[in-house]
Amino acid sequence: MSPNKITSDHLVDYAMGFLPLEEARQVEAALAQDESLKAEYQEIQDSLAEYSKAFEKEPPAHLKDEIFSMIADELESKPESLPEIKPPSSAWKWVGIAAGLALLVSVGFNYKLNSDLEKAENELAFLRSEKEELITSYASLEDQAKDQAEELDVLRNVNNKTITLEGTDFMPNAMAMVYWNPETKAVYLHQGKLPEPPSGMQHQLWAIVDGQPVDMGVFDLNESDPVKHMGAIATAQAFAITLEKEGGSPSPNLENLCVIANV
Amino acid sequence: MRTAVKMEEDELVKGLKAKSISAFEYLYDQYKNAIYGVIYKVVNDEEIANDLLQEIFMKIWKNIQSYDSKKGRLYTWMLNVARNRSIDFLRSKEFNKSRQTNSMDDSVYAVESSNSTTMQVDHIGLEKFLDELKPEYRAIIDLAYFKGHTQEEIAEILEIPLGTVKTRSRAAIQKLRKMMKD
């Protein structure tokens with residue numbers, strides 16, 4: 001079994017603990033060299049790990065306190081081993097010992113202070129990153145909630161006209177929806193089923209007013225946020241979407257007409 | 001949405017390596033049920049599982065520096081710490097002594113699999129596995145992965161040829177991997 005002969009079967013046998021020591025070593029050596037083998041082995045491990053979660057069981061609550069008091073003890077009794085001193089025999093012996101002891105006390109005290117400080121700093125660093133994490137996720141949830149509330153308002157508004165724009169010969173399967181409130185002039189667009197634009201191009205929405213196209217803005221497709229607030233208009237007879245160069249065009253390129261519908 | 005609020009694993013590992021107690025508490029709360037479930041699955045005895053849970057979490061706390069995120073996920077590492085220690089215990093004299101008086105037959109694993117009462121089915125869920133993973137596949141994984149039996153022992157316990165143990169274990173893992181992707 002040379003490293004290049006290690007197969008999926010060996011990886012499974014290894015994960016299951018079936019291989020004799022010698023072969024297990026060969027698998028380990030191969031894993032250290034071969035990235036794709038390593039990725040496959042991790043996938044096997046992860047699938048077993050996921051399976052193991054099916055047996056979740058809640059431990060008795062008192063175990064937590066016991067574990068954390070053991071950890072507190074362990075942190076307290078960090079090796080504060082200080083060098084042993086042999087009493088010198090000179091006349092300065094006692095002065096030396098006294099000075100040495102004073103130093104020891106001071107060193108010991110500093111050590112304690114330092115390790116306390118270090119512990120506190122570690123705690124602080126962790127709590128800070130935890131806090132930032134929470135703030136970011138909260139902010140993103142808040143944004144999402146705001147977007148969704150806004151979309152819901154748009155979709156629920158009884159004064160809205162819903163216009164379903166349908167695909168053209170150029171893009172027969174495309175579809176999009178416009179929600180338009182002529183009173184407030186607000187125009188919202190649901191991206192519906194528009195294909196991704198080619199690179200360097202963007203979709204652009206137009207309102208057709210008395211036969212003239214009026215720019216309602218360009219937009220990017222985003223499945224997690226499909227409703228977009230577009231330009232405002234009080235009257236329109238039709239809406240259409242074309243593919244234009246990035247940033248949009250002053251007038252539509254009708255060859256690239258994706259979807260259109262009359263109001 | 002749930003993952004958005006969940007702390008990034010990198011941050012957690014950083015905190016653990018810096019010996020932050022809050023990080024460890026977070027770790028404990030997140031993984032205690034999974035780890036305890038694994039220990040219990042191996043030793044099948046609550047009192048022993050309680051002792052081992054303490055010992056294993058202390059081991060995780062002390063050995064966190066040896067965890068290397070390039071080699072796999074944090075949970076997978078913890079799981080292996082827990083599994084190896086529990087299987088060692090299962091094979092120890094200590095356990096075998098208590099077992100003589102309170103004997104249990106390994107072959108029940110072929111059908112029993114797990115009927116534990118306080119199961120919390122959160123992730124993929126036991127039910128999905130029970131539905132989709134054939135009992136003979138579960139039996140092999142249980143005996144090898146959770147009980148640390150050799151292929152020869154499994155062949156004997158399940159009364160099937162050695163070759164069948166090999167093919168079945170491979171098929172079982174293939175199926176498990178496929179289920180994880182779906």
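By convention in this document, chain letters (A, B, ...) are assigned in the order of the sequence lines, proteins followed by strands, and residues within each chain are numbered from 1.
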Student: Can you tell me which portion of I35(B) sits under 4.5 Å from chain A's heavy atoms? Options are side chain, backbone, both or neither.
Tutor: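 Looking at I35(B), nothing touches chain A.
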Student: So I241(A) and L189(A), do their side chains get closer than 4.5 Å, heavy atoms only?
Tutor: yes
Student: So for F24(B), is it side chain, backbone, both, or neither that comes closer than 4.5 Å to the heavy atoms of chain A?
Tutor: both
Student: Please classify the contact between I140(B) and chain A as side chain, backbone, both or neither, with a heavy-atom cut-off of under 4.5 Å.
Tutor: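 Both backbone and side chain of I140(B) come within 4.5 Å of chain A.
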Student: Between K70(B), M78(B), Q174(B), which has the largest tally of heavy atom pairs under 4.5 Å with chain A?
Tutor: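 The candidate making the most pairs under 4.5 Å is K70(B).
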Student: May I ask you to say whether D46(A) pairs ionically with R73(B), meaning some side-chain N is under 4.0 Å from a carboxylate O?
Tutor: yes
Student: For E50(A), is there an ion pair with R177(B) - N to carboxylate O distance below 4.0 angstrom?
Tutor: no
Student: Under 4.5 Å from any heavy atom of chain B, what part of F68(A) do you find: side chain, backbone, both or neither?
Tutor: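 Side chain only.
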Student: Who wins among V38(B), L16(B), L79(B), I39(B) for the most heavy-atom pairs under 4.5 Å with chain A?
Tutor: L79(B)
Student: So which residue, G15(B), S22(B), A144(B), G72(B), ends up with the most heavy-atom pairs under 4.5 Å with chain A?
Tutor: S22(B)
Student: Among I44(A), D13(A), L127(A), L63(A), which residue forms the greatest number of heavy-atom pairs with chain B at distances under 4.5 Å?
Tutor: L63(A)
Student: Relative to chain A, which segment of K166(B) carries a heavy atom at a distance below 4.5 Å: side chain, backbone, both, or neither?
Tutor: neither
Student: Under 4.5 Å, counting heavy-atom pairs only, tell me which of A49(A), P59(A), A15(A) racks up the most with chain B.
Tutor: P59(A)
Student: Contact part of K32(B) toward chain A, heavy-atom cut-off under 4.5 Å: side chain, backbone, both or neither?
Tutor: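 Backbone plus side chain of K32(B), per the 4.5 Å heavy-atom cut-off to chain A.
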Student: Counting heavy-atom pairs under 4.5 Å to chain B, which of E40(A), K38(A), H62(A) comes out on top?
Tutor: E40(A)
Student: Can you tell whether the side chains of K228(A) and D220(A) come within less than 4.0 Å, N to carboxylate O?
Tutor: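 Salt bridge absent between K228(A) and D220(A).
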Student: Checking Y41(A) now: which residues fulfil side chain to side chain donor-acceptor pair (under 3.5 Å) with it, not counting sequence neighbours?
Tutor: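 Q45(A).
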Student: If you count heavy-atom pairs under 4.5 Å between each of E55(B), R83(B), K71(B) and chain A, which one has the most?
Tutor: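 Most heavy-atom pairs within the cutoff with chain A belong to K71(B).
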Student: Does K64(A) come within less than 4.0 Å of E25(B), counting only side-chain N to carboxylate O?
Tutor: yes
Student: Relative to each other, are the rings of Y51(A) and F146(B) parallel, tilted or perpendicular (30° and 60° limits)?
Tutor: tilted
Student: Measuring from atom NZ of K175(B) to atom CD of E132(B), what distance do you get when rounded to the nearest 0.5 angstrom?
Tutor: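 One gets 5.0 Å once the value is rounded to the nearest 0.5 Å.
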Student: Under 4.5 Å, counting heavy-atom pairs only, tell me which of L53(B), T150(B), I21(B) racks up the most with chain A.
Tutor: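 Top option by heavy-atom pairs under 4.5 Å: I21(B).
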Student: Would you mind checking which part of S169(B) comes under 4.5 Å of any heavy atom in chain A, side chain (CB onward), backbone (N, CA, C, O), both or neither?
Tutor: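 Answer is both: backbone and side chain atoms of S169(B) are under 4.5 Å from chain A.
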Student: Do you know which of L124(A), I71(A), V12(A), L11(A) has the most heavy-atom pairs under 4.5 Å to chain B?
Tutor: I71(A)
Student: Working to the nearest 0.5 angstrom, can you tell me the gap between M177(A) CE and T162(A) OG1?
Tutor: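 One gets 8.0 Å once the value is rounded to the nearest 0.5 Å.
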Student: Report yes or no: do N50(B) and Y36(B) form a side-chain donor-acceptor pair below 3.5 Å?
Tutor: yes
